[in-house]
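Whatever order the structure lists them in is the order used to number ligands and atoms, beginning at 1.
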Amino acid sequence: MAIEQTLVLIKPDGLTKSLTGNILSRLSETRLEIAAARIVAVTRELAEEHYAQLKDEPFFDELINYIMGELHERRRVMALVYHGEDAIKKVREICGDTNPEEADPRSIRGAYGRITTSGIYENAIHASANPEDAEREIKLWFRPKEVVYRIYPVQEIELEEVKRLDWA
Ligand code: UDP
Ligand code: MG
């Protein structure tokens, strides 16, 4: 079995329903390690990039609104990287099926997800589906410095005239 990393997002419905603690507890059953974590106010650009593979789906626009928090009072998500043996499959299993009504009721999505009247699956959590998605998604949501164990190669790049926000 390979050491893998996988991207987890606690979606805006999970934050609004105060499920962060419960979801992290469930994920700890996997015995994987958290290698990175941050709270992110999701821009449209990031949302569309994250779900780029679904851009032709009829639910795409609604999905973008959902992940940006437009449908909830919490306009943010919690992003994490889980690290360890077989991480991708272990996390997907505990998440459950995409459709919360079909998901095992003991899974995270089965326990906490719902289908809205407009038909979107508010399933509380995202988890990378395969190694290719995991690598793409982790690199989209995190900089190398933010991840404590690194399984993907890094490089040093030189920047000219960088502006950054600092404490005043
Ligand atoms: N989704 C939805 N309706 C569908 C399929 C997907 O609302 O028929 C939403 C759901 O929130 C899901 C996300 O779109 O988690 C991404 O879809 P994907 O097929 O990648 O499922 P996942 O990998 O999240 O299980
Ligand atoms: Mg997916």
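In summary, Arg143 and Glu146 do not engage in a salt bridge, as defined by a charged side-chain N under 4.0 Å from a carboxylate O. Checked for salt-bridge contact, Glu132 and Arg136 miss the test: no charged N lies under 4.0 Å from a carboxylate O. Salt-bridge check for Arg75 with Glu70: passed, with a basic side-chain N closer than 4.0 Å to an acidic carboxylate O. A salt bridge between Asp13 and Lys11 is absent, with no side-chain N of the basic residue lying under 4.0 Å from a carboxylate O of the acidic one.
Side-chain polar atoms of Ser128 and Glu137 form a donor-acceptor pair below 3.5 angstrom.
Among residues two or more places apart in sequence or in another chain, the ring-ring contact (aromatic ring centres under 6.0 Å, His included) test is passed with Phe60 by none.
For ligand 1, the 4.0 Å heavy-atom shell takes in Lys11, Tyr51, Leu54, Phe59, Leu63, Tyr66, Arg92, Thr98, Arg109, Ile120, Tyr121, Asn123, ordered by chain and residue number.
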